[in-house]
Amino acid sequence: MSGRRIVPRAFALPRAFPRAFPALTAALLAAALAAGCSSPDGARGGEEGAELVRGEPAPSAASPYWVDPNSDAARQVRTWEKQGRETEAKILRRISGRPVADWPAWDDPAPEIRAAARSAARTKKTILLVAYNIPHRDCGLYSAGGAKDADSYRSWIGEFADAIGDARATVILEPDALPHITDGCTPPEHHAERYQLLSEAVDTLKALPHTRVYLDAGNPEWIDEPSKMAQPLRQAGVDRADGFSLNVSNFQSNDSVKTYADRLSDAVGGSHFVIDTSRNGNGPLSGGREEAWCNPPGRGLGTPPTTDTGDDRLDAYLWIKRPGESDGTCRGGPPAGDWWPEYALGLARRAAS
């Protein structure tokens with residue numbers, strides 16, 4: 001595990017859970033995990049999705065986003081090159097050579113943001129960040145916690161914004177926070193505070209000169225009717241943000257997400273949106289299987305990050321979930337958020353492009 005993101009990496013497992021199974025309780029999930037999982041997908045492909053070995057990553061000329069030269073994927077490439085594993089290293093460059101989001105630390109976000117901003121400034125690139133620290137986060141599930149109270153969150157988001165400063169940045173604001181209100185997971189007594197904090201966070205971040213902000217709005221597998229997200233987005237300040245984000249850490253296809261996005265955009269006055277395509281190249285695991293959200297086999301990298309989308313309201317395809325980081329200990333994976341090179345290699349082998 002990288003020393004730079006020891007804590008925040010735990011985001012992946014819980015966020016996928018409610019999208020696939022919003023009616024299940026934490027107890028049922030624990031029982032399912034205890035029952036055991038299938039073997040990991042590994043480097044050779046899984047039960048769904050053929051292994052496709054391709055060459056160097058396509059140029060990212062349409063992507064304005066910064067690529068971290070010291071990401072887990074980049075370090076893995078260097079390790080494999082030293083070990084003479086040239087074929088695997090070449091394939092994994094499909095991840096290491098492309099921009100993925102940073103999830104700054106929950107205790108002190110500033111050092112990581114400032115370091116990324118300094119590096120990005122040398123090439124006039126935009127840093128892609130995720131703010132994920134809302135109080136009562138994740139409804140008591142795997143990433144339970146967040147800031148201890150409203151004032152702590154205000155202080156944290158202020159530090160987050162101060163660290164960005166004049167840098168070019170795109171911020172995905174609090175994945176799951178609004179969908180968890182919509183699906184009933186977050187208790188009603190916390191709703192008003194959450195709306196207030198998100199609205200304030202939008203204003204804090206949008207006061208910066210070069211920062212774009214997108215409020216998270218779930219995905220079509222989780223929220224079956226887009227109109228259910230319209231009022232929560234309005235209360236959280238989507239009209240003052242740059243739009244909303246979709247499919248974070250999930251696997252829904254571009255077509256299904258865009259259909260959902262267009263309907264939701266219509267419901268909130270034509271708001272723009274971004275889509276997480278980090279692992280949706282083969283779509284979701286079929287068959288309605290349990291834990292389809294957790295390290296599903298046979299998945300592949302989706303559309304590379306780009307702002308060249310061909311859609312006036314779709315601002316970008318982004319890799320918000322960091323491909324190659326585990327969703328949790330199911331299917332032989334390491335703890336949530338830990339780097340899993342074999343799974344990363346599988347995603348890269350089956351890349352959509």
Side-chain angles (χ1 to χ4, degrees), residues 2 4-5 8 56-78 92-105 108-132 157-173 201-216 240-245 248 271-278 301-324 351 353:
S2 164
R4 294 177 59 223
R5 301 181 191 86
E56 299 287 347
S60 298
S63 171
Y65 303 104
W66 172 69
V67 177
D68 184 355
N70 293 308
S71 66
D72 285 322
R75 289 197 300 274
Q76 191 70 60
V77 166
R78 293 193 288 268
L92 198 62
R93 290 193 193 103
R94 299 186 69 82
I95 296 176
S96 69
R98 289 174 172 147
V100 298
D102 269 355
W103 298 62
D108 183 4
E112 184 169 356
I113 295 173
R114 290 195 179 107
R118 285 194 298 269
S119 180
R122 299 185 190 109
T123 53
K124 299 183 179 179
K125 293 289 187 176
T126 296
I127 52 175
L128 178 59
L129 304 170
V130 181
Y132 185 54
I157 204 71
E159 293 170 4
F160 193 108
D162 287 346
I164 295 173
D166 292 341
R168 294 180 176 91
T170 292
V171 178
I172 308 303
L173 184 57
V202 168
D203 291 339
T204 296
L205 293 165
K206 287 303 298 176
L208 302 173
H210 306 298
T211 294
R212 302 178 66 83
V213 180
Y214 296 87
L215 285 156
D216 187 57
R240 304 187 309 282
D242 293 279
F244 54 87
S245 60
V248 175
S271 182
H272 287 214
F273 51 90
V274 296
I275 298 175
D276 185 353
T277 56
S278 56
L301 301 174
T303 303
T306 180
T307 54
D308 185 9
T309 68
D311 185 319
D312 289 343
R313 289 190 288 188
L314 174 53
D315 288 346
Y317 294 112
L318 302 174
W319 286 3
I320 300 170
K321 160 70 178 182
R322 301 176 66 82
S353 61

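If you're wondering where the values come from, they're calculated on a predicted model, not measured in any experiment.
The shortest distance between side-chain heavy atoms of Ile164 and Arg114 does not fall below 4.5 Å. At a threshold of 4.5 Å between non-hydrogen side-chain atoms, the residues Arg322 and Asp102 count as touching. Arg240 is listed as a side-chain neighbour of Asp203, based on a closest heavy-atom distance under 4.5 Å. Side-chain contact between Pro99 and Leu128: absent, with no pair of heavy atoms (C-beta onward) separated by less than 4.5 Å. Taking 4.5 Å as the limit, some side-chain heavy atom of Trp103 sits within range of a side-chain heavy atom of Ile320.
Remark: Thr126 OG1 to Leu129 CG distance equals 10.0 Å, nearest 0.5 Å. The distance from the CD1 atom of Ile127 to the CG atom of Asp68 is 11.0 Å, given to the nearest 0.5 Å.
The side chain to side chain contact (heavy atoms under 4.5 Å, CB included) search around Thr277 returns Asn254, Ile275, Asn280, Thr303, Tyr317, Trp319, not counting sequence neighbours. Legend: residues meeting side chain to side chain donor-acceptor pair (under 3.5 Å) with Arg313, ordered by chain and number and at least two apart, are Ser265, Asp266.
Side-chain atoms of Ser278 and Asp276 include a donor-acceptor pair closer than 3.5 Å. In summary, the side chains of Thr123 and Trp66 do not present any donor paired with an acceptor at a separation below 3.5 Å, with no hydrogens or angles considered.
Here the closest non-hydrogen pair linking Ala105 and Glu112 is N-OE1, 4.0 Å. In this structure, Ile157 and Leu205 approach most closely via the heavy-atom pair CD1-CD1, 4.5 Å. The minimum heavy-atom distance linking Ser63 with Pro305 is given by the pair CB-O, 3.3 Å. Asp312 approaches His272 most closely through the heavy-atom pair O-CE1, 3.2 Å. The shortest non-hydrogen separation linking Leu208 to Ala161 is CD1-O, 3.6 Å. Scanning all heavy atoms of the two residues, the minimum distance from Ala101 to Val130 falls at CB-CG2, 3.8 Å.
Put simply, the side chain of Arg75 gets close to the backbone of Asn70: a donor and an acceptor are under 3.5 Å apart. Looking at Thr204, its side chain never comes within 3.5 Å of a backbone N or O of Gly158 through a donor-acceptor pair.
The aromatic ring centres of Phe273 and Phe244 sit less than 6.0 Å apart.
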Please tabulate, one pair per line, all N/O donor-acceptor pairs under 3.5 Å involving side-chain atoms of residues 166-173, not counting sequence neighbours.
none

